[in-house]
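Here's the structure, in structure tokens; my notes come after.
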Number of protein chains: 2
Amino acid sequence: MIRLRRVTKVYKGNIYALEDVTLDIEKGEFAFLVGPSGSGKSTFVKLLIKEEEPTSGQIYIADTNINELRKWKIPYLRRKIGTVFQDYKLIPHKTVFQNVAFALEVTGKSRHVIDQQVPEVLKLVGLGHKLDAFPDELSGGEQQRVSIARAFINRPPILLADEPTGNVDPSLALGIVKLLEKINSAGTTVIMATHDKEIVNTFRKRVIALENGRVIRDQDRGVY
Amino acid sequence: MIRLRRVTKVYKGNIYALEDVTLDIEKGEFAFLVGPSGSGKSTFVKLLIKEEEPTSGQIYIADTNINELRKWKIPYLRRKIGTVFQDYKLIPHKTVFQNVAFALEVTGKSRHVIDQQVPEVLKLVGLGHKLDAFPDELSGGEQQRVSIARAFINRPPILLADEPTGNVDPSLALGIVKLLEKINSAGTTVIMATHDKEIVNTFRKRVIALENGRVIRDQDRGVY
Ligand SMILES: Nc1ncnc2c1ncn2[C@@H]1O[C@H](COP(=O)(O)OP(=O)(O)OP(=O)(O)O)[C@@H](O)[C@H]1O
Ligand SMILES: Nc1ncnc2c1ncn2[C@@H]1O[C@H](COP(=O)(O)OP(=O)(O)OP(=O)(O)O)[C@@H](O)[C@H]1O
Ligand SMILES: [Mg+2]
Ligand SMILES: [Mg+2]
């Protein structure tokens with residue numbers, strides 16, 4: 001489902017954010033992406049949604065070589081991939097409800113479906129009581145949870161979560177990853193970049209470890 | 001040094017972010033502030049630097065009642081309190097070096113002192129090689145570390161850190177808190193809001209626990 005072949009990303013100033021990465025992630029897998037700060041996790045995520053392009057190498061998503069994807073097709077790619085960003089990327093002038101509803105509006109869902117599904121998914125992340133709040137009226141962890149709700153409300157085939165539990169307490173973190181596990185058991189391929197050692201060691205999923213842009217370890221049922 | 005007397009903060013919509021908080025933090029103490037997402041930790045920090053004002057109650061910093069502080073004096077208050085924000089608040093059009101140098105410029109330090117101290121403090125947080133990078137060219141954890149460097153370069157008497165390790169790996173988190181401990185042993189009062197259970201249980205400092213805006217626990221050498 002997701003295939004990287006010798007993918008390298010060099011930023012200006014000769015910064016090798018990813019170097020010669022080759023790996024496959026099959027449909028329905030759950031993988032943790034771990035590694036020190038600056039090791040390339042967010043870069044990995046950005047390459048998959050074409051927010052950045054590789055310096056060299058090939059990336060295939062569901063058999064499509066995304067290097068060759070025309071610009072006008074990128075929004076369709078991103079609709080297949082729900083993304084929780086490390087910096088949330090919420091729309092400041094829209095409420096919590098509107099931010100999450102937006103993900104359904106762009107796929108043409110009816111008002112009726114939106115009014116039913118948005119509160120439902122926000123309850124799942126514990127924010128049923130914040131529907132009318134604006135992003136700047138939320139705590140850090142609450143903003144993070146809105147970003148999570150928005151990423152999976154469409155039940156996309158792939159869910160990329162870039163450090164989705166960095167700003168929440170351990171019991172809420174557990175709840176979030178259990179939710180990702182539930183989404184995964186429904187068929188969604190889940191890739192979660194994280195620094196949370198406890199979570200990785202608790203869930204024992206595939207662990208892909210990065211260091212200085214290289215994959216140094218890749219284990220099924222791995223530990224941090 | 002820091003005294004709160006029956007401090008309550010209610011946001012619009014009747015949200016009690018802090019409720020009837022009374023506590024003292026003495027000069028030179030190190031306290032962890034813990035609690036679930038949305039429990040009031042960031043609100044606590046904002047009240048101390050007058051980014052928000054209490055709905056009721058009194059706040060004293062170094063014997064000054066900050067409720068009565070004139071608006072023009074607020075920058076002087078904030079120079080006494082180095083703050084690491086949960087959302088970093090870096091200046092986008094300034095480099096890493098310039099962002100940190102700014103904290104020294106506003107206290108009138110000479111160019112000579114700035115050119116010597118800025119690289120030094122950035123090396124301490126592992127960013128000696130990123131001086132000329134801009135915030136949007138940094139990883140999440142790197143931006144967090146610039147925010148930390150900027151907060152303590154002035155060796156302020158009080159350091160407030162709002163979740164300074166949320167975006168870094170465990171070994172780097174340990175390094176950061178060890179650095180805060182070193183700053184504390186030099187006389188700085190340190191208050192660190194955190195979700196990191198491991199860190200709190202490792203360092204065994206005073207633990208102030210919030211829940212729904214109330215202090216539910218306050219222990220010396222506490223655990224998460
Ligand atoms: N400007 C605001 N307007 C309205 N409500 C707010 C505002 N800022 C915070 N809140 C609410 O106040 C409560 C406490 O928020 P606060 O940011 O202090 O929590 P926190 O403990 O820092 O959470 P986290 O661990 O998620 O960062 C939350 O319910 C939040 O939604
Ligand atoms: N736009 C950019 N321009 C230049 N360098 C960049 C850019 N984005 C990232 N980098 C650098 O590439 C490297 C990898 O960054 P990346 O954001 O992928 O790390 P990360 O593993 O997500 O780190 P963290 O855990 O701190 O979020 C870092 O050295 C970073 O400074
Ligand atoms: Mg990152
Ligand atoms: Mg907070």
Side-chain angles (χ1 to χ4, degrees), chain A residues 11-15 17 34-43 45-46 85-88 125-127 129-145 162-163 165-176 193-201 209-211 213 224, chain B residues 11-15 17 34-43 45-46 85-88 125-127 129-145 162-163 165-176 193-201 209-211 213 224:
Chain A
Y11 285 112
K12 72 178 224 283
N14 220 30
I15 296 167
V34 305
S37 175
S39 55
K41 304 177 296 301
S42 296
T43 300
V45 168
K46 287 176 193 169
F85 296 94
Q86 191 165 7
D87 61 356
Y88 325 142
V125 295
L127 292 176
H129 60 302
K130 295 282 186 186
L131 300 182
D132 302 324
F134 286 90
D136 67 357
E137 296 173 337
L138 298 176
S139 77
E142 288 166 345
Q143 291 178 33
Q144 194 161 36
R145 286 182 267 157
D162 195 353
E163 301 199 36
T165 64
N167 283 290
V168 300
D169 46 284
S171 64
L172 194 51
L174 203 67
I176 287 169
T194 185
H195 285 301
D196 198 327
K197 199 170 172 175
E198 282 274 313
I199 287 283
V200 174
N201 294 349
L210 292 175
E211 192 170 284
Y224 186 82
Chain B
Y11 285 113
K12 73 176 224 282
N14 221 29
I15 296 168
V34 305
S37 173
S39 55
K41 302 178 297 299
S42 297
T43 300
V45 168
K46 288 176 192 170
F85 296 95
Q86 190 167 10
D87 61 357
Y88 324 141
V125 295
L127 293 175
H129 60 302
K130 295 282 186 185
L131 300 182
D132 302 325
F134 286 91
D136 67 357
E137 295 171 340
L138 299 175
S139 77
E142 289 166 345
Q143 292 179 33
Q144 194 160 36
R145 286 181 266 157
D162 195 354
E163 301 201 35
T165 64
N167 284 291
V168 301
D169 46 285
S171 64
L172 194 51
L174 205 66
I176 286 169
T194 183
H195 284 302
D196 197 326
K197 198 170 173 177
E198 282 278 331
I199 287 284
V200 174
N201 295 348
L210 292 176
E211 192 170 283
Y224 186 81

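Naming: A, B, ... by sequence-line order, numbering from 1 per chain.
If you measure heavy-atom distances from D87(B) to chain A, you find no contacts under 4.5 Å at all. Only the side chain of I15(B) comes within less than 4.5 Å of a heavy atom of chain A; its backbone N, CA, C and O stay farther away. Using a 4.5 Å cut-off between heavy atoms, E142(B) contacts chain A through both its backbone and its side chain. Contacts of S139(B) with chain A are made by side-chain atoms alone, with heavy-atom separations under 4.5 Å and no backbone atom involved. Contact of Q143(B) with chain A is not made at all, since no heavy-atom distance falls under 4.5 Å. Residue contact with chain A, scored on non-hydrogen atoms closer than 4.5 Å, involves the side chain of K12(B) exclusively.
With no hydrogens or angles considered, no side-chain donor-acceptor pair links D196(B) and T194(B) at under 3.5 Å.
The residue among K197(A), R145(A), E198(A) with the most heavy atom pairs within less than 4.5 Å of chain B is R145(A).
Residues Y88(A) and D162(A) fail the side-chain proximity criterion, which asks for heavy atoms closer than 4.5 Å. Side chains of T43(B) and Y11(B) form a contact here, defined as non-hydrogen atoms less than 4.5 Å apart.
Taking N14(A) as the reference, V10(A), Y16(A) meet the side chain to side chain contact (heavy atoms under 4.5 Å, CB included) condition, with sequence neighbours excluded. Partners of E211(A) by salt bridge (charged side-chain N to carboxylate O under 4.0 Å, His left out), not counting sequence neighbours: none found.
Using a cutoff of 4.0 Å between basic side-chain nitrogens and carboxylate oxygens, E137(B) and K130(B) are not scored as salt-bridged.
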